2 protein chains.
Amino acid sequence: MDAQKLQVFVAVAEELHFGRAADRLHLAQPYLSRSVRALEAELGADLFRRTTRKVELTPAGTALLPHARALLARTDEARGAVAAARDGRSGRVRISFAGPSAHVVVGQLLARCASSTH
Amino acid sequence: MDAQKLQVFVAVAEELHFGRAADRLHLAQPYLSRSVRALEAELGADLFRRTTRKVELTPAGTALLPHARALLARTDEARGAVAAARDGRSGRVRISFAGPSAHVVVGQLLARCASSTH
DNA sequence: CTCATTTACGGTCGTCGTAAATATG
DNA sequence: CATATTTACGACGACCGTAAATGAG
């Protein structure tokens, strides 16, 4: 149940058509068929009821869809959090001072921190 | 960034020791090293600062940890939702009637549904 | 020297494409 | 018969183990 297969599932669930979903993902459509089938095997439940003329979600598929979307969104969030930390847009800040006037400024900062947290 | 690698990351982050994490996951510890390294490559950020004597989280690793736990929890939720739908513990209910008295009962049901939803 | 991580290497399985087969309306 | 899904098959890479190499204290 990796992100790739979930994206395949969501695409097919939204298009209700393996060919269009394949175009959207720039993948060959036989692969979508196998991907969905692998997901169904892994979860032990059919996700679509399909003939060559109609594709529709089963109850299990309907149940999975919102969870799949949430998982994909959360994955992006996680990526973003790591990127932010890497680029220093979050996490601990390190501050250095130099020069005679610095001691005064640091003293003021420390006083303000102490008063704001207590 | 599949569930497997996230579990490896969480285990190492919790143990701060590749060997113990490997034991916990019943995996060979060289594989953990490569798994984490692959995750780091994929995310473009180091997750641990490690020597042979000490393993500690980087800011990026610290940022990832809660997201990784959330993703694993959500994955389990998704599995559970599908299992519930498969086993009929959720989703739409189909009811059939047969016999002469059925029509009366169905009429009463429909009346109650109509009055309760409006 | 010892303990822990990493690199090297190999077998097996999953990914993903193209081409042929199958099934539905 | 036309259109859509599935199966067959093959190349490539990922997974995951064992054994050897590397590095820190």
Side-chain angles (χ1 to χ4, degrees), chain A residues 1-62 64-65 68 71-72 75 78-79, chain B residues 1-58 60-62 64-65 68 71-72 75 78-79 82:
Chain A
M1 205 168 96
D2 55 331
Q4 164 76 1
K5 283 212 255 287
L6 287 180
Q7 268 181 345
V8 166
F9 166 71
V10 169
V12 175
E14 282 175 1
E15 301 286 348
L16 291 178
H17 191 284
F18 281 76
R20 282 195 296 273
D23 288 348
R24 207 170 100 181
L25 299 174
H26 305 293
L27 290 171
Q29 138 257 39
Y31 178 62
L32 298 205
S33 179
R34 278 170 299 175
S35 256
V36 169
R37 213 159 272 287
L39 204 56
E40 289 173 327
E42 179 183 344
L43 296 172
D46 286 357
L47 299 171
F48 297 102
R49 198 170 322 113
R50 44 205 191 270
T51 70
T52 54
R53 293 295 173 184
K54 192 160 58 176
V55 173
E56 52 187 4
L57 283 165
T58 61
T62 305
L64 178 57
L65 187 50
L71 277 168
L72 292 174
T75 299
R79 262 184 234 282
Chain B
M1 203 167 99
D2 54 334
Q4 164 77 1
K5 282 212 258 289
L6 287 180
Q7 267 181 345
V8 167
F9 165 71
V10 170
V12 174
E14 283 174 2
E15 301 285 349
L16 291 179
H17 191 285
F18 282 77
R20 283 196 296 274
D23 288 348
R24 207 171 98 181
L25 299 174
H26 305 294
L27 289 170
Q29 138 257 41
Y31 178 64
L32 298 206
S33 179
R34 279 169 299 177
S35 257
V36 170
R37 213 157 273 287
L39 205 55
E40 290 175 326
E42 180 183 344
L43 296 173
D46 286 357
L47 299 171
F48 297 103
R49 198 170 323 112
R50 44 205 191 269
T51 71
T52 54
R53 291 296 172 184
K54 191 160 58 174
V55 173
E56 52 187 4
L57 283 164
T58 60
T62 306
L64 178 58
L65 187 51
L71 276 167
L72 292 173
T75 299
R79 263 184 232 282
V82 171

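Remember, predicted model here, so these are calculated numbers, not experimental data. Below, chain A is the first sequence line, B the second, and so on; all start at residue 1.
A:Arg34 has its CZ atom 14 Å from the P atom of D:dT5, to the nearest Å. Atom CG in A:Leu25 sits roughly 10 Å away from atom P in C:dG17 (whole-Å rounding). Between the CD atom of A:Glu15 and the P atom of D:dA4 there is a distance of 13 Å, rounded to whole Å. Straight-line distance from the CZ atom of A:Phe18 to the P atom of C:dG17: 15 Å, rounded to whole Å. Going from atom NE2 of B:His17 over to atom P of C:dC3 covers 11 Å, rounded to whole Å.
Nearest heavy atoms, A:Leu16 versus A:Arg20: O-NH2, 4.5 Å. Taking every heavy atom of both residues into account, B:Ala22 and B:Leu32 meet most closely at N-CD1, 3.4 Å. The two atoms that bring A:Phe18 and A:Ser33 nearest to each other are CE2-CA, 3.8 Å, heavy atoms only. Of all heavy-atom pairs spanning A:Leu72 and A:Ala3, the tightest one is CD2-O, 3.8 Å.
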Please produce a list of atom pairs where a protein N or O lies less than 3.5 Å from an N or O of nucleotides 23-25 of chain C.
from: C:dT24; atom 1: O4'; to: A:Thr52; atom 2: OG1; distance (Å): 2.8
from: C:dT24; atom 1: O2; to: A:Arg53; atom 2: NE; distance (Å): 3.3

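Listed nucleotides D:dT18, D:dT6, D:dC16 differ in distance to A:Ser33; the shortest reach to its side chain belongs to D:dT6.
The stretch residues 36-50 of chain B has no heavy atom under 4.0 Å from DNA chain D, so no residue of it qualifies as close.
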- Task: Show your working on side-chain contact (heavy atoms from CB on, under 4.5 Å) between B:Phe48 and B:Leu57 and close with a plain yes or no.
- Result: CA-CA 4 Å; B:Phe48 297 103; B:Leu57 283 164; 3.4 Å; yes
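The pair A:Lys5-A:Glu42 does not count as a salt bridge, with every side-chain nitrogen at least 4.0 angstrom from each carboxylate oxygen.
Among the atoms of the strands shown, base atoms are found under 4.0 Å from some heavy atom of B:Tyr31. B:Leu27 comes within 4.0 angstrom of the backbone, heavy atoms only, and of no base. In this structure, A:Gln29 reaches the bases: a heavy-atom distance under 4.0 Å links it to at least one base atom across the strands shown.
Nearest-nucleotide mapping onto DNA chain C: of A:His26 and B:Arg20, the residue sitting toward the 5' end is B:Arg20.
Under the 4.5 Å side-chain criterion, counting only non-hydrogen atoms from C-beta, B:Glu40 is not in contact with B:Thr58. Put simply, the side chain of A:Arg50 does not reach to within 4.5 Å of the side chain of A:Val12, judged on heavy atoms. A:Met1 is listed as a side-chain neighbour of A:Leu71, based on a closest heavy-atom distance under 4.5 Å.
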